[in-house]
Amino acid sequence: MKLKKIKSIKLIPKAPFNFDATFHKPDHFPSGDNDWQAGFRWQTWRWEGKLLGLKFENKGSVKRPQIKTTIYPQNSLSNSFINSLINEISYKYNLDLDLAKFYALFKKDEVLAPVIKRWQGLRPGHQGSLYEYLVVGLVLQNATVKRSVNMLQVLFENYGQCLEYDEKKLWGFWRPGDLAGVKEEELRGLKIGYRAKYLKRLDDCFGKGKIDEFDLRRRDVEKQKEELLKIYGVGPATAGYILFDIFHRFNFIEHISPWERKIYSKLFFDQDPEKPVSEDKLLKYFDRYRPYQQLAVHYIWEDLWWQRKNKHIPWLEKLIRA
DNA sequence: CATCAGGGCCCTG
DNA sequence: CAGGGCCCTGAT
């Protein structure tokens, strides 16, 4: 479907704000719902049931930030819709997060201080709804990056909607519940394997409104974790990602999956990734970053992946298996 | 060619 | 609480 722009809105994030490091996370696998180039982010977005094309443009600087957001809808939008959309964008990308406290705490940390300096205004965040992020979490499980990319793409092509706007063709997610009439066998035909069952149950759960993302946002972290782990197909790895990316729990870190352990071992202990240090030792090490443990790790992690864009890091390449 | 682990999680014993 | 099984792919 071809879309026309209707409206541009000026957003002023709290300074400092780094546009590219906020709107592009080089560790995420490429997916058909978005595109990025320096100063620009295109993103499909489902809000209050409507599927939109969005374009974000950097119109400011780190110290004097400004984002131009252009909306490409499928039909007319009310002012209240646009207002709530703007609020949601601000929430998702943490545009009002006060980073100064975090920076002040660790301005003398040997590892973190130089990273913070390089990435002034990098904000955590993720554009997806809880449901959408869970789908991504499913295709990440026990798969190589390339296979994850393929699985999400084939799901988009079968159940998503292709939007054309601003000379881009991007896929929008289907709605929770849209897979109700789809048989598990059909999903298996798309080569998503055992995840077909998880996806069916996930879609059913959200389609029936058994989980309210916005209600869950207001709960405490333990309740959020508990509810996430109740979802069939969600374990500690997926729950951890969601608590940080979707619920913005910047201190939450309880589980470090094997491949991340390898990378952290090299980063923090200069240990051979093939002989990773224990999860326990890493968690104890991260104690120093309270009350921003996962945010601190995120900064160091993103820094590494940005480096990878510019130079070859042999030990890292070996661990990625694209 | 065959084998095997991969950016987990469920289930069983 | 440890360990086997799961879908499918591509690396070895």
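Predicted, not measured: the structure shown is a model, and the values here were computed from it.
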> Does the pair A/D178/A/R175 count as a salt bridge with the N-to-O cut at 4.0 Å?
Replying inline: yes
> Is any NZ, NE, NH1 or NH2 atom of the basic residue among A/E185 and A/K183 found under 4.0 Å from an Asp or Glu carboxylate oxygen of the other?
Replying inline: no
>> Using Watson-Crick or G-U wobble geometry with both distances under 3.5 Å, which nucleotide pairs with B/dG6?
In response: C/dC8
> For B/dG6, does either OP1 or OP2 sit under 4.0 Å from a side-chain N or O belonging to A/K318?
Replying inline: no
>> At less than 3.5 Å, do the side-chain atoms of A/R147 and the base atoms of C/dC7 form a donor-acceptor pair?
In response: yes
> Taking the P atom of each, how far is B/dC1 from C/dC7, in whole Å?
Replying inline: 26 Å
>> Once you apply a heavy-atom cut-off of 4.0 Å, does A/T238 come out as touching a base, just sugar-phosphate, or nothing?
In response: sugar-phosphate
> Which nucleotide in the list C/dC7, B/dG7, B/dC9 gets nearest to the side chain of A/W305?
Replying inline: B/dG7
>> When you measure from the side-chain N and O atoms of A/Y194 to the phosphate of B/dC11, is any distance below 4.0 Å, counting only OP1 and OP2?
In response: no
> Quick one: is A/K191 getting a side-chain N or O under 4.0 Å of the C/dT9 phosphate, OP1 or OP2?
Replying inline: yes
> If you pin A/N150 and A/Q141 to their nearest nucleotides in DNA chain C, which one's is more 5'?
Replying inline: A/Q141
> With distance as the sole criterion, do the side chain of A/R195 and the base of C/dC7 form a donor-acceptor contact below 3.5 Å?
Replying inline: yes
> Base, sugar-phosphate, or nothing: which does A/G235 touch, judged by heavy atoms less than 4.0 Å apart?
Replying inline: sugar-phosphate
> Pick from A/K191, A/K146, A/R195: which one makes a side-chain contact (heavy atoms from CB on, under 4.5 Å) with A/M151?
Replying inline: A/R195
> Roughly how far apart, to the nearest Å, are B/dC4 and C/dG4 at atom P?
Replying inline: 14 Å
> How close do A/Q43 and A/D33 get, heavy atom to heavy atom, and via which atoms?
Replying inline: NE2-OD2, 3.0 Å
> At under 4.0 Å between heavy atoms, what does A/I231 touch on the DNA or RNA strands: base, sugar-phosphate, or nothing?
Replying inline: sugar-phosphate
> Which sits closer to the 5' end of DNA chain B, A/W301 or A/R201, going by the nucleotide each is nearest to?
Replying inline: A/W301
> How would you label the contact of A/K197 with the nucleic acid (heavy atoms, under 4.0 Å): base, sugar-phosphate, or nothing?
Replying inline: nothing
>> From the set B/dG6, B/dG8, B/dC9, return the single nucleotide nearest to any side-chain atom of A/P236.
In response: B/dC9
>> What's A/D27 touching, base or sugar-phosphate or nothing? Going by heavy atoms closer than 4.0 Å.
In response: base
> Within the structure shown, what part of the strands sits under 4.0 Å from A/F29 by heavy-atom distance: base, sugar-phosphate, or nothing?
Replying inline: nothing
